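Here's the structure, in structure tokens; my notes come after.
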Amino acid sequence: MRSGAWRALRRRPVFWVPVAILVVVLAMAVAPRLFAGADPADCTLDRSMAPPSGAAWFGYDFQGCDVFARTVYGTRSSLLVGVLATALAGLIAAGVGMASGYLGGWLDSVLSRLTDIVLGIPLLLAAIVLLHRATANGSGHGIWPVVGTLGILGWTTAARVVRSSVLAARQQDYVQAARMLGAGHGRILVRHIAPNAVAPAVVVLTITLGTFIASEATLSFLGIGLRAPSISWGGDIFAAQARLRQAWWPLIWPSTFLAVTVLAFIMLGDAIRDAFDPRSR
Amino acid sequence: MSLLDVTDLRVAFGPTTVLSGVSLHLDPGETLAVLGESGSGKTVTAQAVMGILDPPAVVVGGCVRYRGQDLLTLPERERRRIRGREIAMVFQDALSALNPVFTVGYQIGETLRIRDGLSRREALHRAVELMDQVRIPAARQRVHEYPHQFSGGMRQRVSIAMALALDPAVLIADEPTTALDVTVQAQILDLLGELRRERTMALMLITHDLGVVAQVADRIAVMYAGRVVEQADVHQLFRAPAHPYTAALLRGAAISGTPPSLRDLPSGCAFHPRCRYAAAVCRTVAPSTVDLGGRSAACHFAREVLVDPAAR
Amino acid sequence: MVRFVVRRLLQMVIVFFGTTLVVYAMMFGAQGDPIQALAGEKPVSAAQRAYLTEHFHLDHGFWYRYADYVGGLLRGDLGDTLTLRPISSVLAGAWPYTLKLAGLAMVVVVVVGVGAGVLAGVRRGGLFDAATLALTLVVIGVPVVVLGFLGQYLLGIRLRLFPVANEGDLYSLILPALLLGMLSLATTVRLTRTTVVENLRADYAKTARAKGLSRTRVVGVHVLRNSLIPVVTFLGVELGSLMAGAVVIENIFNIPGVGFTLARAVRTEDGPTVVTIVSLLVIVFLVVNLAVDLLYAVLDPRIRYA
């Protein structure tokens, strides 16, 4: 069945288009120098708000920095936050989901209620509180507070998916058989149950990655995400907004990059889900 | 002239032909049983007659005459007038056939309000009467309940009451008892028979159950792979079948081979791979319907089968 | 029905304490100096420190403080901001804006979303269906921040169709509400389309047609009533992202609503105000979802009589 899903994926443009986009985005994050000739830190006020020209196709922002260079260099922090936060959320989701689904009993009840409660609090609102706390305690403005906050809050949907996959797998005959043969809990979980939860969890986490990148931008926009000297799309969008009437170009490029990247992740998640579950089409 | 006359009805499901020329007729006040295994095209025939096929299923040929008028050429608006008032239908699974979010009273009275202009009160009153007629106890109270609050048999009675609301001349019942317990099945069949007699309504009963047929039918149309292969009076048919498929059904023995896939029908006569009488001609030429005097069968050897004592 | 309501109310009580506890613990739980948590990075004088300690019972344990805080919330006492203004009076001026904004956005989502979804579902595979599908996919992917600015720039600054900042009247709220509703709108359209397509195939839709009802009535009464059940549930949950979106949109358009107040509290590092506003929003969210659950029971009799 899994190879069937892969075969279905390979033929669909809704899979390849986001993959292509994400490869480019990833390359930008790893080696921004290849894409932007200018130095994002090379800013002089005498070319503040200079419109797009032959020298700088995307123009300069208020500080006189090259908009394109800043946008390209901003890819790294946006992507890094998204990937790391998703990894953290995935770890928590795997732990909670597997414990809940495999061990069951009162632990399952407690964890499920906890999941419900965290899921019930809108992500952005909770992130505001947590990040406020983190910055107040002097944890700085690097990527770590943002990564931690999003990871701690964003694991719920994935955990539910893992739990239900584990519950379904636990009932399977081959798992019962493995238990009869005296396989330990650890072995059963890793060899027989976890593989079933991977595909649905990947789907949810891909989409989560997209929303995390969008959330980071929103938090930076509100002034509690990444701050200078980190270059991030959200921060640049916030800076450009104040002078939107005079110049649109400092706003357009980080916005476009942000939207396209988020869209690519969501499309990718959708495509994978469709491949695994043809009914949802 | 018959009340309902279906001639050479053809329905395609995309590239797949599901009905390849169905012909049958229904006379006023009689009960016609349409008998066949699942996939033989019984339900598609019924829905094509009603005009409620869902795409991609489309009628590609033939005609459906009601009192001499071809329904297939009527504009949708005219066609809708026939539905419910002239020809009504009862479905197999009453639970899914009834809308879960409206009370049964609302659903029975709905056609009366929309099409006869009855007020809410009048429609409700009439719904109670109809529920009484289909022998639902405590109709006055239960009219305000929802489908899921009824038992399977009662739910099917609600469906029947709904179909009878506009007093149709033809009632098509598509496997109305298949989803029910055996004891309840008999009650519903009895009810249908009584209602037909009381209202001099014609009943087209679709079923795969020979027992049902013997119990209530006047005539039988046997379907196989999208065709009517035999049509006869119930006594004639049980006494001496004219089609090898009918003969096999009556013997009650398992028929060798599997039902054909409509996507890949055998050449010639669709039944030939499973037929004891099959000859070379059956593999190449599709049999036409042979008139046997008041009955008919679509078989190259219909006359031989009819007199074959081994077929009985 | 009574049992259903009682059960939901009991669940709601548990969730209320759970969520307020989580929010409160996020602010004050675990290690760290609670005064710094409240006041952020600003230096705190000894007098202030003493006052805050007394005012927020910082000399007591976490559970005592939580109980005090929830007790206040339940009595309708929201406490004071760091500058010692009552939070309730700060919010009194802000609520109407946010309510109007969210209300307008919800109207857009319901009217346009359900309408377009039904149309796309009925004409499945047609041009309208394909166009909405493509459009919604794009809109779903665009973050509120981007959507907000794009809309403000294109419709407000370029085309001058709408005012770009709040002028106090309802008209100046239309553009922000439109943009706020856009995200939920896309999902609503897709969800409505899916359920309409499913319900059109349902047996009861066939029955309705066999009764001789017009297509308008089959779709508009029978199919729509059933399709609305999942859509209503979704809209209740979606209110959460609508509130988060309002924080962003109110800041983009300078609307002095609750979200604007929240963002200002974040910037001025006013801890008590942040916690209180977030708690309030979460409570509103819970109450709306309770209402949605009850509405769900009204829409679906199978639940009402379960």
Side-chain angles (χ1 to χ4, degrees), chain B residues 43 46-47 49-56 76-104 106-116 144-149 158-159 162-166 168 171-174 179, chain C residues 1 3-4 114 118 120-129 192 195-233 292-306:
Chain B
T43 299
Q47 296 193 353
V49 169
M50 288 302 291
I52 56 169
L53 283 175
D54 271 326
E76 174 61 21
R77 179 181 279 275
E78 303 288 320
R79 188 97 196 258
R80 219 167 63 215
R81 250 176 232 153
I82 307 272
R83 269 179 226 144
R85 191 179 300 285
E86 305 295 339
I87 311 175
M89 185 161 172
V90 173
F91 294 82
Q92 175 175 344
D93 178 9
L95 182 59
S96 60
L98 293 170
N99 195 326
V101 303
F102 294 109
T103 62
V104 298
Y106 180 93
Q107 294 187 61
I108 297 172
E110 186 183 17
T111 33
L112 295 162
R113 287 204 297 118
I114 304 299
R115 302 186 60 190
D116 281 355
H144 298 294
E145 293 184 5
Y146 290 88
H148 73 274
Q149 293 170 283
V158 169
S159 297
M162 194 164 72
L164 295 179
L166 294 176
L171 180 65
I172 302 177
D174 185 3
Chain C
M1 184 72 180
R3 262 181 52 202
F4 175 77
V114 173
V118 169
V122 170
R123 309 210 176 133
R124 184 164 50 103
L127 193 66
F128 182 80
D129 184 26
T192 311
T195 55
V196 163
V197 167
E198 246 166 48
N199 278 295
L200 275 175
R201 283 198 210 120
D203 281 355
Y204 71 78
K206 262 203 165 134
T207 312
R209 276 198 286 155
K211 280 156 87 174
L213 301 178
S214 68
R215 187 152 175 81
T216 326
R217 195 172 164 86
V218 173
V219 175
V221 174
H222 287 267
V223 170
L224 191 61
R225 249 311 282 283
N226 282 279
S227 303
L228 279 181
I229 296 171
V231 174
V232 164
T233 318
V292 163
D293 266 4
L294 299 183
L295 185 60
Y296 194 97
V298 171
L299 284 176
D300 191 345
R302 282 163 297 186
I303 291 184
R304 207 181 318 159
Y305 295 98

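To find a chain, count down the sequence lines: A is the first, B the second, and so on, and within it residues start at 1. Worth saying up front: this structure is predicted, and the values here are computed from it rather than measured.
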If the test is side chain to side chain contact (heavy atoms under 4.5 Å, CB included), which one of N226(C), D203(C), V221(C) qualifies with N99(B)? N226(C)
Quick one: what part of L98(B) sits under 4.5 Å from any heavy atom of chain C, side chain, backbone, both or neither? backbone
Got a sec, which pairs hit salt bridge (charged side-chain N to carboxylate O under 4.0 Å, His left out) with one end in residues 209-228 of chain C, sequence neighbours left out? D54(B)-R209(C), E110(B)-K211(C), E110(B)-R217(C)
Rounded to the nearest 0.5 Å, how far does CD of Q107(B) lie from OG1 of T207(C)? 8.0 Å
Applying a criterion of heavy atom separation less than 4.5 Å, what residues of residues 76-86 of chain B form contacts with chain C? R80(B), R83(B), G84(B)
With a cut-off of 3.5 Å and sequence neighbours excluded, list every side-chain donor-acceptor pair involving residues 88-95 of chain B.
{"unit_1": "D93(B)", "atom_1": "OD1", "unit_2": "L95(B)", "atom_2": "N", "d": "3.1"}
{"unit_1": "D93(B)", "atom_1": "OD2", "unit_2": "S96(B)", "atom_2": "OG", "d": "3.3"}

Under 4.5 Å from any heavy atom of chain B, what part of A202(C) do you find: side chain, backbone, both or neither? neither
For the student: nearest non-hydrogen atoms of P100(B) and P301(C), plus distance: O-CG, 3.1 Å
Where does I229(C) contact chain B at under 4.5 Å (heavy atoms): side chain, backbone, both or neither? side chain
Please name all residues satisfying ring pair (Phe, Tyr, Trp, His ring centres under 6.0 Å) with F102(B), sequence neighbours left out, ordered by chain then number. Y106(B), H222(C)
Please flag which part of L53(B) lies under 4.5 Å from any non-hydrogen atom of chain C: side chain, backbone, both or neither. backbone
